[in-house]
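Have a look at the structure below, then the notes.
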Amino acid sequence: MGLALLVGRVSGLVRETVVASIFGISAQGDLAVVLMTLPDLMVNLLVAGGLSAAFVPSLLKLPPDEADILTRFVAIVTLSLFTIFGLIVFIAPDITVGILAPGRADLGFMLTGWLPFLIAVALPIAAFSGVAGGYANARGHFFVSGIGTLLFNVTLISILLLGLHMPPLQALALGIFLGAVMRGLPLFLHIPSRLFRSRLLVPQNWRGFLVDFCAGLLAVGSALLAPVVLRAAASWLEGGSVSALNYAQKLVELPVGVILSAVSIVSLTAMSKAHAKGGAQSASRVAVDHMRVAFMLASLAMVGSIGFAKPVTEIAFGYGKMGPQDLSLVAGLFAYGACSIPFAAVSLLGTNYLYATNRAITAFWITAGALLTLVPIIYLAWEARSLSLLMVGFTMYQIVLAVLVLVWSGLPVMKQGAHQGHPLIDRRIIGQTALAVLPIAAASAVQFLFLPDAPILSLAVAGFGFLLGLVAIAYFEKRYV
C-alpha cells in the first residue's frame, strides 16, 4: 500500500508541477484547481468516508455470499448518488464554481462546450473506483487499489503535455475524464465477475448500514472539506490565491498521503479484524500501537517539511509561469501547513478506531465540530487579507480535531488503559520521536547554513536525514511494539 501510494502521490506532485507551469498563479489556475477538486474529493470521500466507516468493517464480518450482496448494494447506491452530482455539474457548472470558489464565481463563463460534460461523467466513474477500491482493501489487495492514483495522474499529465491542439482548460477536462477511466480499469478487471452476474438483493440490516455509511461520508466529508473551505475562502482574496494555497496543500499532502494513508488503510483492516475477534479492548490495543508509529513517522515528516520547504518548493514548482515571488509564497504556506502533520496522524487513526468500533456517527459530530473552528480563522484572514493565516487555520483545525478524537474515542492518552498496552504518550514515545527526528533536523541546519541556493543537493541531504530517521523508527518499532 505504501509503495502504491508513494508512486501515486509523487505522480500527483508532478501533476501539480505541470499544472503550475501551464497556469501559474492566475485566474485560470484557480479554475484548474476547482476542476481537479471534484473527482479527487469524490474518491477520497468514498474511500476514507462511507467505505471506511461501514463498508470495509462490514465486509470483514460477513460470509462471502452476504459480502457480495452488500458490495452490489453499495455500488448501486453510490453510482446513483454520484450520477446526480454529475448532472448538477453538467446542468449548472457556474453554480458549482460558485460553491467551490465563491469569490471567483465569474470564472464560470470559462466552462463552455463539452468541458462540463467530461467533468460530470468523471464523477460516477470515480464513484465506481471508490467502491471497487474499498472491496479490494477489505480483501487485503492494497496495491491494486492504491495504483489507481498513479494511473489517473499519468493520464492527466500526458494529456496536458501533449496539448492535442486544444486550449489548456479543455485539455485538463479531457485528462480528468480519461484519468478517471484509467483509475477504474484495473479495479474493474480485478473484482470477481460474479458481482456483475448475480441478481441484486437488499442486504440484511440495510437501514443500519446506510446510517453508518452516511455518517462516515459526513464525517470524512467534514474533514475533507477543510482544505476545500480554505480554498473557497482564498477566492475572496487577490487573484491566484486559490492556486497558491492549493500548491502548498499538495506539498503537505505528499507526506500525509504516502506515510499516513498507507498506515491508515492497513490499520483500519487490522482494527476491524481485532474488534470482530476480541472486541473494543483488542481494537484499542492495535489502534494505540499503530498510532504511536504513525506519530513518529509524521513528526519526522513535519520536521523535514519545515526545514526543507524552500528547496522542495523550488524543485516542485520552479518552472514555467512560477516566478521567485510565487515560489516564496508557496514555500511559506507549505511550512505553516506542515505543522499539522503529526496531529493529522492522530486524528486519522483515531477516527479509524471509531469506524472499527461502529461509532461512525460520533466521528461525524467530532469532525463537524472541529470544522467550525475555521469560521473565526477565515474571518480574521479576510479582514487581514492574509493567505498565510488561512494555512495556519488548517493547522489549528487539525489540532482541535486530534484533541476531540482522543477525548471521545476513549483511547489511553497519558496512562495505561484497560487494553493493558502502551498509552499513546509516555516518556518512551517522546524520547524515540526526538531521536528519530534528530538526523533530519541536523540535515535542515546543514541546508540552511551551507546550501541555501542548492535545491538538488539540499534534497539529497534531506533524503539521507530522512532515511536515518526511518531506520531509527524501524528499530524502535521492532524492539518495543
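Taking the side chain to side chain contact (heavy atoms under 4.5 Å, CB included) definition, one finds that Pro439 meets it with Leu468, sequence neighbours left out. With sequence neighbours left out, the side chain to side chain donor-acceptor pair (under 3.5 Å) criterion links Thr357 to Arg359. Residues that satisfy the side chain to side chain contact (heavy atoms under 4.5 Å, CB included) test with Ala270, not counting sequence neighbours, are Val286, His290. Looking at residues two or more places apart in sequence or on another chain, you find a side chain to side chain contact (heavy atoms under 4.5 Å, CB included) between Ala344 and Leu260, Gln398.
You'll find the side chain of Ser80 reaches within 4.5 Å of the side chain of Ile76, heavy atoms only. When side chains are defined from C-beta on, Thr71 does not count as touching Ile191, because their heavy atoms never get closer than 4.5 Å. Residues Pro423 and Val413 are not in side-chain contact: their nearest non-hydrogen atoms beyond the backbone lie 4.5 Å or more apart.
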In a table with atom names and distances, give each donor-acceptor pair under 3.5 Å that connects a side chain of residues 293-316 to protein atoms at least two apart or in another chain.
from	atom 1	to	atom 2	distance (Å)
Ser299	OG	Phe295	O	2.9
Ser305	OG	Ala301	O	2.7
Lys310	NZ	Glu314	OE2	2.9
Lys310	NZ	Pro452	O	3.2
Thr313	OG1	Ala309	O	2.7

Requested in this report: I would like to know whether Leu401 and Val405 meet side chain to side chain contact (heavy atoms under 4.5 Å, CB included); could you show each step before the answer?
Outcome: CA-CA 6 Å; Leu401 181 59; Val405 166; 4.2 Å; yes

Report task. Would you sort out whether Gln249 and Arg231 count as a side chain to side chain donor-acceptor pair (under 3.5 Å), showing the intermediate values? Result -> CA-CA 10 Å; Gln249 287 176 339; Arg231 287 198 293 265; 2.5 Å; yes

Query raised in the report: Should Thr395 and Ile399 be marked as a side chain to side chain contact (heavy atoms under 4.5 Å, CB included) after you check the CA-CA gap, both sets of side-chain angles, and the distance that decides it?
Result: CA-CA 6 Å; Thr395 298; Ile399 293 173; 4.2 Å; yes

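Between Tyr397 and the choices Leu230, Leu374, Val229, the side chain to side chain contact (heavy atoms under 4.5 Å, CB included) rule is met once, by Leu374. Checking each of Thr149, Thr155, Asn153 against Arg15 for a side-chain hydrogen bond (donor to acceptor under 3.5 Å, both in side chains) leaves exactly one that passes, namely Asn153.
Note that CD1 of Ile125 is 12.0 Å distant from CE of Met182, once rounded to the nearest 0.5 Å. To the nearest 0.5 Å, atoms NZ (Lys250) and CG (Leu13) are separated by 10.5 Å. We find the CD-OG distance between Glu16 and Ser243 to be 10.0 Å, quoted to the nearest 0.5 Å. To the nearest 0.5 Å, atoms CG (Asn352) and OG (Ser347) are separated by 10.0 Å. Distance CZ/Phe334 to CG/Leu251: 5.0 Å, rounded to 0.5 Å. Ile440 contributes atom CD1, which lies 10.0 Å from atom CD of Gln447 (distance to the nearest 0.5 angstrom).
When atom types are taken as modelled, the side chain of Thr373 and the backbone of Ala370 share a donor-acceptor pair closer than 3.5 angstrom. Checked by atom type and distance alone, the side chain of Asp289 never pairs as donor or acceptor with a backbone atom of Arg292 at under 3.5 Å. Side chain of His275 to main chain of Ala283: no donor-acceptor pair is present (N/O by atom type, distance under 3.5 Å, no hydrogens or angles).
Within 6.0 Å of the OH atom in Tyr336, the count of heavy atoms belonging to other residues, nucleotides or ligands does not exceed 12.
For residues 243-263, every residue pair satisfying the ring pair (Phe, Tyr, Trp, His ring centres under 6.0 Å) rule, not counting sequence neighbours, is listed here: Tyr247-Phe317.
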